[in-house]
Amino acid sequence: MNELKLAIFDLDGVIVDTAKYHYLAWKRLAQELGFDFTERDNERLKGVSRMRSLEILLAVGGQQKTEEEKLHLAAKKNTWYVEYIMQMDASEILPGVLPFLQALKANKITIALGSASKNARTILERVGITSFFDVIVDGNLVTKAKPDPEVFTLGAQLAGVPPQSAVVFEDAQAGIEAALRAGMTVIGVGDPQLLQGAHHVIPGFSSFGFDEFLDIFITASCANDCQGAKSRLE
Ligand code: B16
Ligand code: MG
């Protein structure tokens with residue numbers, strides 16, 4: 001039987017809702033380029049890297065840019081985005097997250113961050129929860145974007161924990177796929193209709209406690225040894 005040792009959290013959509021700030025900054029860039037960018041379009045950017053997000057945005061606007069222009073546009077968007085996140089404070093931590101982090105600490109579970117964002121450390125600092133994290137893997141440390149498992153595999157390596165003892169919390173389909181490919185238990189955060197393949201999906205952390213977390217891990221651990229979980233990855 002595997003032992004539960006590590007919880008790895010995605011950031012945007014799991015701990016805080018920074019998607020709204022990404023949206024404001026991308027929309028401003030689209031408007032400057034002369035086209036509209038809707039909230040529906042923005043859904044496609046969740047969990048996706050900055051440069052890939054820009055490529056999706058340019059495709060929406062039917063525009064082509066050189067690599068140099070893309071770097072300039074991505075930097076511009078990031079300047080606006082950073083202005084927004086510098087205004088964040090503890091009130092932006094999503095409901096139930098703080099008590100759950102405290103419960104993990106009380107139960108001696110190692111806590112890691114596994115985020116695609118290069119601004120992840122700034123965000124954790126702004127909302128005041130950096131000290132909960134034993135390991136932080138962000139967009140500056142990884143070379144391959146989700147659904148590649150690198151961000152989670154590296155998190156477990158740095159924590160010194162085997163993948164089968166880790167549970168990932170993710171709100172994006174690419175992140176769920178990455179966690180499954182890393183051989184970890186994955187709990188989706190959001191709408192079960194949209195989060196295919198997760199071992200379990202919760203709407204958020206309100207009323208989610210340590211006992212339920214442990215139950216999900218035990219059930220998924222068994223399934224991971226069985227044919228069912230293997231076919232999920234195929
Ligand atoms: P940055 P996550 C992701 O965060 C966001 O969901 C995604 O929309 C964003 O493009 C990506 O970070 C990169 O962010 O521009 O700050 O490096 O969900 O992986 O925590
Ligand atoms: Mg996310």
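In listed order, ligands and their atoms are each counted from 1.
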> Would you say Gly47 touches ligand 1, if touching means a heavy atom closer than 4.0 Å?
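Heavy atoms of Gly47 do come under 4.0 Å of ligand 1.
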> Relative to each other, are the rings of Phe169 and Phe208 parallel, tilted or perpendicular (30° and 60° limits)?
perpendicular
> Check each atom of ligand 1 against the heavy atoms of Tyr81 and keep those under 4.0 Å away; list them by number with element.
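Once the distances to Tyr81 are compared, the set is 16 (O).
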> Would you name the heavy atoms of Asp171 and Val14 that are closest together and state the gap between them?
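Distance-wise, the nearest heavy atoms are N-CG2, 3.7 Å.
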> How close do Ala166 and Ile8 get, heavy atom to heavy atom, and via which atoms?
CB-CD1, 4.5 Å
> Please state which part of Val48 comes within less than 4.0 Å of ligand 1, counting heavy atoms only: side chain, backbone, both or neither.
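Backbone only; the side chain of Val48 stays clear of ligand 1.
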> Less than 3.5 Å apart, any donor N or O on the side chain of Gln164 or Ser221 sitting next to an acceptor on the other?
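Per modelled atom types, Gln164 and Ser221 side chains form no pair under 3.5 Å.
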> Atoms of ligand 1 less than 4.0 Å from Asp10 heavy atoms?
2 (P), 18 (O), 19 (O), 20 (O)
> So which heavy atom in the protein is nearest atom 20 (O) of ligand 1, and how far is it from that ligand atom?
Ser115 OG, 2.8 Å
> Shortest non-hydrogen contact from Ser165 to Glu3?
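Of all heavy-atom pairs spanning Ser165 and Glu3, the closest is OG-O, 2.8 Å.
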> Would you mind running through ligand 1 and noting each atom that sits below 4.0 Å from a heavy atom of Leu11?
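That gives atoms 20 (O) of ligand 1.
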> For Ala182 versus Thr153, what's the shortest heavy-atom pair and its separation?
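Reported closest heavy-atom pair: CB-OG1, 3.8 Å.
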> Please say whether Gly114 places an N or O atom under 3.5 Å from an N or O atom belonging to ligand 1.
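Looking only at distances, the answer is no, because the N/O contact criterion of under 3.5 Å is not met.
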> Of the protein's non-hydrogen atoms, which lies at the shortest distance from atom 15 (O) of ligand 1, and what is that distance?
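For this ligand atom, the closest protein heavy atom is Arg50 NE, 2.8 Å.
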> Looking only at protein heavy atoms, which one is nearest to atom 8 (O) of ligand 1, and how far off is it?
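Among all protein heavy atoms, the one nearest atom 8 (O) of ligand 1 is Leu45 O, 2.9 Å.
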> The Mg ion (ligand 2): which protein N, O or S atoms are under 2.8 Å away?
Asp10 OD2, Asp12 O, Asp171 OD1
> Does a salt bridge link Glu177 with Arg181, judged by any charged N lying under 4.0 Å from a carboxylate O?
yes
> Could you tell me whether the side chains of Thr122 and Asn119 share a donor-acceptor contact shorter than 3.5 Å?
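No pair is found: no donor N or O on one side chain lies under 3.5 Å from an acceptor on the other.
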> Knowing that exactly one of Leu4, Ile111, Thr110 qualifies, which makes a side chain to side chain contact (heavy atoms under 4.5 Å, CB included) with Leu104?
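Going through the options one by one, the only one that passes is Ile111.
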> Quick one: does Ile187's side chain get under 4.5 Å of Phe213's, heavy atoms only?
yes
> Which atoms of ligand 1 are found less than 4.0 Å from any heavy atom of Asn119?
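Selected atoms, number and element: 1 (P), 16 (O).
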> Just to verify, what does Lys70 make a salt bridge (charged side-chain N to carboxylate O under 4.0 Å, His left out) with, not counting sequence neighbours?
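Salt bridge (charged side-chain N to carboxylate O under 4.0 Å, His left out) check on Lys70 returns Glu55, Glu67.
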> Would you mind listing which atoms of ligand 1 come within a distance below 4.0 Å of any non-hydrogen atom of Lys146?
19 (O)
> For atom 17 (O) of ligand 1, what is the nearest protein heavy atom, given as residue, atom name and distance?
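Sorting protein heavy atoms by distance from atom 17 (O) of ligand 1 puts Lys118 N, 2.7 Å first.
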> For atom 4 (O) of ligand 1, what is the nearest protein heavy atom, given as residue, atom name and distance?
Asp12 CB, 3.5 Å
> Select one of side chain, backbone, both or neither to describe which atoms of Ser53 lie under 4.0 Å from any atom of ligand 1, heavy atoms only.
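Answer for Ser53: side chain.
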> With sequence neighbours excluded, give me every salt bridge (charged side-chain N to carboxylate O under 4.0 Å, His left out) pair touching residues 189-206.
none
> Who pairs with Tyr84 by ring pair (Phe, Tyr, Trp, His ring centres under 6.0 Å), at least two apart in sequence or on another chain?
Tyr21
> Which protein non-hydrogen atom lies closest to atom 3 (C) of ligand 1, naming both residue and atom, and how far is it?
Ala116 CB, 4.0 Å
